[in-house]
> 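Okay, handing you the structure first.
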Amino acid sequence: METVVSGIRPTGNLHLGNYFGAVKNFLKMQENYNCFFFIADYHSLTTHPHPADLHGNVRQVLSEYLAAGLDPEKATIYIQSDLPEVAELTLLLNMNAYLGELERTTSFKEKARKQPDNVNAGLLTYPVLMAADIIIHQASKVPVGKDQEQNLEMTRKFANRFNRIYEVDYFTIPQPFNFGESLIKIPGLDGSGKMGKSEGNGIFLAEEPESIRKKVMRAVTDSGPSKPNSPVSEPVQNLFTIMEVVSKPEVLEQFKDDYAKCTIRYGDLKKKLAEDIINFTAPIREKIKTIASDDAYLRKVARKGREKAHESASKTIREVREIIGFKPF
Ligand code: TYM
């Protein structure tokens, strides 16, 4: 059976981008693949979360994973920092990761621009840690959104390089994956770019309906089509793109048609979009509340995940140490 690995950073509640870019695929994949889904708390340290917040953030994302439908009976669900083998593999891979290529990655350059006072080495080697996450379980498929494409390319590079340097055919080379389609990008509500956690342009799975309505009604649009069949501007296309994932196809068609005929009213579009988002998130939001209050269940899930993930990771570390030439006395 093919192995699948993917993770999400616990730097905020899960938003629609996380759901449609990643979690939706997790749900399908757990039915037919050997899946490892984790919470990337080592990765979240690159932005220096306060110690008082870290555990709560992890707990929230774990509750959200489960509420969205990840099934600990089917998939291995674990916390990245419960698997120190990942840190060891990162150290080993770091020896063959080069400063130039790390500095050139888009995500590093972006982060360095966003947090100029905190350009730490963890940010630089972020793709190496991510590669370790993936290849430690010998994954062949990695369900992610479009924004992770370059990181996946780095993973492939590091895995191939290890195989080449040590003249082995050891690590599986993983592929980015989205069911039957190319990788997707869910846009934000602020007119440009992707939906994100930090940018304040996102809608969260746990968000209350009133707050969703407010955000959607405030979403950036434009002054409206000036003549029939005019091209759709980016902010309006972004709302259509979100509608594509939460609304019925005929609803989207109707609004696109209204746009083409210049009869569209953005107020109506936003109202409908907000209600469809609320219909989609409401059942998940309720489940998040129930699960988040069940300490014993969360503890059980995390423990089971840790044990299963450890089994797979410790085998890889044992074999990698042997390939590299470490020998016990
Ligand atoms: P993160 O935490 O930023 O996002 C988690 C997942 O959600 C997807 N995603 C999106 N997809 C579509 N549209 C969006 N607007 C959007 N925003 C987020 C991301 O593509 C991702 O799949 N580096 C990763 C976490 C990670 C990881 C891994 C992923 C660490 N190790 C190993 C896969 C395998 C990250 O920061 O994702």
Side-chain angles (χ1 to χ4, degrees), residues 5-12 17-18 21-22 36 38-49 54 79-81 83-168 170-177 183 185 193-194 196-199 313 316-317 320-321 323-326:
V5 170
S6 199
I8 297 188
R9 275 173 305 141
T11 48
N18 297 137
F36 293 87
F38 64 96
I39 298 172
D41 56 349
Y42 279 149
H43 273 111
S44 76
L45 298 185
T46 54
T47 50
H48 295 178
L54 187 58
I79 319 301
Q80 187 186 31
S81 64
L83 214 58
E85 291 91 342
V86 168
E88 179 171 354
L89 184 57
T90 303
L91 174 92
L92 301 174
L93 294 175
N94 263 339
M95 306 304 167
N96 297 308
Y98 297 101
L99 183 60
E101 63 190 351
L102 294 171
E103 277 176 338
R104 276 193 302 275
T105 57
T106 323
S107 50
F108 174 71
K109 287 194 278 190
E110 227 170 71
K111 275 274 156 53
R113 189 171 47 75
K114 269 194 207 150
Q115 48 183 75
D117 299 332
N118 181 20
V119 188
N120 58 69
L123 276 181
L124 186 72
T125 57
Y126 189 109
V128 187
L129 177 54
M130 184 154 159
D133 288 327
I134 296 168
I135 66 179
I136 201 153
H137 301 301
Q138 300 281 15
S140 56
K141 289 193 165 64
V142 187
V144 282
K146 180 115 186 100
D147 57 317
Q148 296 298 320
E149 212 167 20
Q150 193 181 30
N151 281 337
L152 246 294
E153 199 43 54
M154 302 288 280
T155 298
R156 297 159 55 75
K157 193 187 262 187
F158 298 140
N160 269 316
R161 192 175 288 161
F162 181 95
N163 288 349
R164 205 177 52 248
I165 289 173
Y166 294 105
E167 298 180 354
V168 286
Y170 182 68
F171 279 122
T172 306
I173 311 301
Q175 302 286 345
F177 188 79
L183 302 186
K185 178 182 115 177
K194 65 167 180 172
K197 300 174 219 237
S198 44
E199 288 92 43
T316 304
I317 286 295
V320 165
R321 282 175 151 263
I323 291 169
I324 290 182
F326 290 122

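The figures here come from the full heavy-atom set of this structure, side chains too, leaving out hydrogens, waters and symmetry mates.
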> Between atom CG of Asp147 and atom CD of Glu110, what is the distance when rounded to the nearest 0.5 Å?
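Nearest 0.5 Å value for the CG-CD distance: 9.0 Å.
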
> Are side-chain heavy atoms of Val168 and Phe162 found at a separation under 4.5 Å?
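SC-SC contact between Val168 and Phe162 confirmed.
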
> Calculate, to the nearest 0.5 Å, the distance between atoms OG1 and CG belonging to Thr11 and Leu45 respectively.
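Answer rounded to 0.5 Å: 11.0 Å.
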
> Locate the shortest heavy-atom distance separating Pro49 from Ser44; write the atom from each residue and the value.
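For Pro49 versus Ser44, the nearest heavy atoms are CD-O, 3.2 Å.
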
> Using side-chain hydrogen bond (donor to acceptor under 3.5 Å, both in side chains) as the criterion, point out the one residue from Thr155, Thr105, Thr106 that pairs with Gln150.
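Output: one option passes, namely Thr106.
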
> Does any non-hydrogen side-chain atom of Tyr98 lie less than 4.5 Å from one of Arg161?
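Yes. Closest side-chain heavy atoms under 4.5 Å.
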
> So how far is it from Leu124 CG to Leu129 CG, rounded to the nearest 0.5 Å?
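Going from CG on Leu124 over to CG on Leu129, the span is 12.5 Å.
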
> Which heavy atom of Pro84 sits nearest a heavy atom of Tyr42, and at what distance?
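So the two residues come closest at CA-OH, 3.7 Å.
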
> Please enumerate all residues that pass salt bridge (charged side-chain N to carboxylate O under 4.0 Å, His left out) together with Asp41, with sequence neighbours excluded.
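Asp41 satisfies salt bridge (charged side-chain N to carboxylate O under 4.0 Å, His left out) with no other residue.
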
> So, does Asp133 use its side chain to make a donor-acceptor pair with the main chain of Val86 at under 3.5 Å?
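Judged by distance alone, no pair lies under 3.5 Å.
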
> Using only atom types and a distance under 3.5 Å, with no angle test, would you say the side chain of Thr172 pairs donor to acceptor with the backbone of Ser140?
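No, Thr172 side chain to Ser140 backbone: no donor-acceptor pair under 3.5 Å.
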
> Begin with the C-alpha distance, continue with both residues' side-chain angles, and end with the deciding distance and a verdict on side chain to side chain contact (heavy atoms under 4.5 Å, CB included) for Ile173 and Asn163.
CA-CA 10 Å; Ile173 311 301; Asn163 288 349; 4.1 Å; yes

> Could you check whether any side-chain heavy atom of Pro127 comes within less than 4.5 Å of a side-chain heavy atom of Leu102, counting everything from C-beta outward?
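Pro127 vs Leu102: side chains touch.
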
> CE/Met154 to CZ/Phe108 distance, rounded to the nearest 0.5 angstrom?
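The distance works out to 11.0 Å.
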
> When you measure from the side chain of Gln138 to the backbone of Tyr170, do you find a donor-acceptor pair of N or O atoms at a distance under 3.5 Å?
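Yes, Gln138 side chain to Tyr170 backbone: donor-acceptor pair under 3.5 Å.
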
> What's the verdict on salt bridge (charged side-chain N to carboxylate O under 4.0 Å, His left out) for Glu153 and Arg156, showing C-alpha distance, side-chain angles and the deciding distance?
CA-CA 5 Å; Glu153 199 43 54; Arg156 297 159 55 75; 3.7 Å; yes

> Enter the distance from Leu152:CG to Met130:CE here, rounded to the nearest 0.5 Å.
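So the gap between those two atoms works out to 5.5 Å.
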
> May I ask you to say whether Arg104 pairs ionically with Glu101, meaning some side-chain N is under 4.0 Å from a carboxylate O?
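No.
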
> Is there a side chain to side chain contact (heavy atoms under 4.5 Å, CB included) between His48 and Asn118? Walk through the geometry before answering.
CA-CA 9 Å; His48 295 178; Asn118 181 20; 3.2 Å; yes

> After noting the C-alpha distance and the side-chain angles of Leu183 and Gln148, does the key distance pass the side chain to side chain contact (heavy atoms under 4.5 Å, CB included) rule?
CA-CA 9 Å; Leu183 302 186; Gln148 296 298 320; over 6 Å; no

> Minimum heavy-atom separation for Pro10 to Ala40, with atom names?
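Looks like CD-O, 3.2 Å.
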
> Can you find a heavy atom in the side chain of Arg164 that is under 4.5 Å from one in the side chain of Asn96?
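Answer no - side chains too far apart.
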
> Please report the interatomic distance CZ(Phe158) to CG(Leu92), rounded to the nearest 0.5 Å.
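The CZ atom of Phe158 sits 13.5 Å away from the CG atom of Leu92.
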
> Which heavy atom of Ala22 sits nearest a heavy atom of Pro143, and at what distance?
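In this case the closest contact between Ala22 and Pro143 is CB-O, 4.3 Å.
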
> Go through Phe171 and Ile134 one step at a time and tell me if the side chain to side chain contact (heavy atoms under 4.5 Å, CB included) criterion holds.
CA-CA 10 Å; Phe171 279 122; Ile134 296 168; over 6 Å; no

